[in-house]
Amino acid sequence: MMTTATPPSPAAETSPKRHMDIRIETRSRTGDEPATRPAPVIQMEDVSCWYGDFRAIRDISLDIRTNAITALIGPSGCGKSTLLRAINRMNDLVPGARLTGKVLYHGEDLYGPRVDAVEVRRRIGMVFQKPNPFPKSIYDNVAFGPRVNGVRGDMDELVESSLRRAALWDEVKDKLKQSGMALSGGQQQRLCIARAIAVEPDVILMDEPCSALDPRATLQIEELMIELKENYTIIIVTHNMQQAARASEETVFLTMGEERAGFMVEKGPTSEIFTNPKNQLTEDYVSGRFG
Amino acid sequence: MTSSAVAAQVRRASLQRTGVDVRSAVFQGLLALCLLFSLTVLVVLLVDVLLRGLPVFAARGADFLTSEVVSQPDRAGVVQGIQGSVLVVLIVAVTAIPIGLMTAIYLEEYAPDNRLTRFISVNIRNLAGVPSIVYGLLGLALFVGTFRGLGIGTGGNGRIVLAGGLTMATLVLPIMIITASEALRAVPNAIREAGYGVGASKWQVTRKLVLPSAVPGILTGVVLSLSRALGETAPLILAGAVLGSYSSGDKDFVEQLFGAYTALPMVIFGWTKESAPEFRELAAAGIIVLLAVTLLANAVAVYFRNRFERSW
Ligand SMILES: Nc1ncnc2c1ncn2[C@@H]1O[C@H](COP(=O)(O)OP(=O)(O)OP(=O)(O)O)[C@@H](O)[C@H]1O
Ligand SMILES: [Mg+2]
């Protein structure tokens, strides 16, 4: 499953053989699960994240389903972004940030001693809350990732197909040389999605991708996500309950305790979280009764 | 009158300005006065220099630019000053600017944010405030001393343009580091994160995203550094530049490179100390040349800055 979901790329071919062996081993171990449940792409085991002395999330364990959309919901400051950024090692860039526990990607420990964070981020792409195109042309925005990853071949075609998949091609095909910063907010965010998928990741992390967009652009992005999940695994942070309900299969609800460390309250199929939550905290939050 | 008519009248009255806002007017006047003052000083200086210097060019034309710094006022020129200043600027451009830029990149992008890094940053700021004569002393001890030790220079005295240029380079290095650091710090972190997010390495993010965005600010640092290197006089007095008239004779370029040197501000300074009134005019003409060289160097940097101007 996994090997067909990830299109071959030069980087994958050059990555050490070690990865492959471990992957196969992992799959055979999880092979006795029911066939309808493919092995999770991401598994977190007792993950805690600290910023200096402050613990932002506490002991989170969860599995992320392959080729599905998982929504992370919870009050502001409960650690949704922190959790998301722990998955592609983006928090490494924050001075003083540290993590305990395990984050497994196809069974491989992402924080293992010999893991290359750069390769992790290529395979696990990210779309940020605020659209952040590079101060470059639309074309170069999309081509940047493949170029730095040493992708050879028809760049024009790759740029076009990425922009098409991000539902932006028709709007920008005549102005590919124009600055990406000159687009509208919604177009910029779709450009960022095109940029993320141009490097053929396997998981896409989205941190409130629609918070700066109008309802129309929001729906466009949601439709796009639903199309993309055929080939990608998507994890999205959102404050918009309708969005979580509309677009996701699985929902994870986080909240924070007294010492402000975020923890996971429950996780389950989206329909269950919204209609029949097991925990009172979840029910209060999804029904808008949260303080 | 109905109450709504009263309300309308009150509203209109309050919307219409009554009287003048005295404080605002006074403040605005004060600001304009300050601007006027600085402009006046500048214009007076410039007019004075032009009035006294231009006749020299009118009388002698390009001859002033190509003659040596000799003691007869009617034959003296600034050719060695121009050569020296251009060489000093070139030496600064190839040493202080790349070293300063790379230091800034290291401090801003690579160094861990710890006490040592902060200590170093603060002290680079302090160095930028050290009086230039102190750099002259350093240049005398370090560069002139080294070249003397190596037996380079007229009679092996170590007083060569390389010593002067390197002294100037140490002088402008802190300025270059500070302005480049500020330019790098002004690049939004979102751009770096976006780069890392598509699997770029630290070097790729720095080289392909951060540096291009910081170019305008970095070139501002280049302008400041080069202007400073062209204008400073005190360090060169100590670092071995000739003060007063001398002849380079028919030495070729390489011989001049390792022989006695001077720079435009030194020539000007030398002439202002002479008693004969003709030298005042020569000094004014020399200042015009110095201004022209400085403007030219800055124009090149500004040209590049405008070409790279970006917005985000
Ligand atoms: N770089 C950082 N340095 C220090 N503390 C941080 C940093 N980033 C986040 N935090 C803290 O970690 C906690 C969780 O932050 P996080 O951004 O993950 O919350 P969030 O759930 O994404 O909130 P929001 O919904 O408002 O985006 C907060 O208390 C925040 O103050
Ligand atoms: Mg957040």
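In what follows, every heavy atom counts, from backbone to side chain, and hydrogens, waters and symmetry copies are set aside. Lettering follows sequence order; numbering is per chain, from 1.
Counting heavy atoms of neighbouring residues, nucleotides and ligands inside a 6.0 Å radius, atom CZ of B:F27 does not exceed 12 of them. Other residues, nucleotides and ligands place no more than 12 heavy atoms under 6.0 Å from the CZ atom of B:R207.
Heavy atoms only, all atoms of each residue included: B:G195 and A:F144 are closest at CA-CE2, 4.3 Å. A:V199 and B:V198 get closest at one heavy-atom pair: CG1-O, 3.8 Å.
Residues B:E193 and A:R85 are paired through a salt bridge, judged by an N-O separation under 4.0 Å between the basic side chain and the carboxylate.
The line from CG of A:N88 to OH of B:Y196 is 13.0 Å long, rounded to the nearest 0.5 Å. Considering CZ of B:R192 and CG of A:N132, their distance stands at 12.5 Å, rounded to 0.5 Å. A distance of 10.0 Å separates OG of B:S201 from CZ of A:R121, quoted to the nearest 0.5 Å. Note: A:F134 CZ to B:L209 CG = 5.0 Å, rounded to the nearest 0.5 Å.
Taking chain B as the reference chain and counting heavy-atom pairs below 4.5 Å, the highest number among A:K130, A:R89, A:M90, A:M126 is found for A:M90. With respect to chain A, the highest number of heavy-atom pairs below 4.5 Å among B:A194, B:A190, B:G197, B:P112 belongs to B:A194.
A:P135 is listed as a side-chain neighbour of B:I191, based on a closest heavy-atom distance under 4.5 Å.
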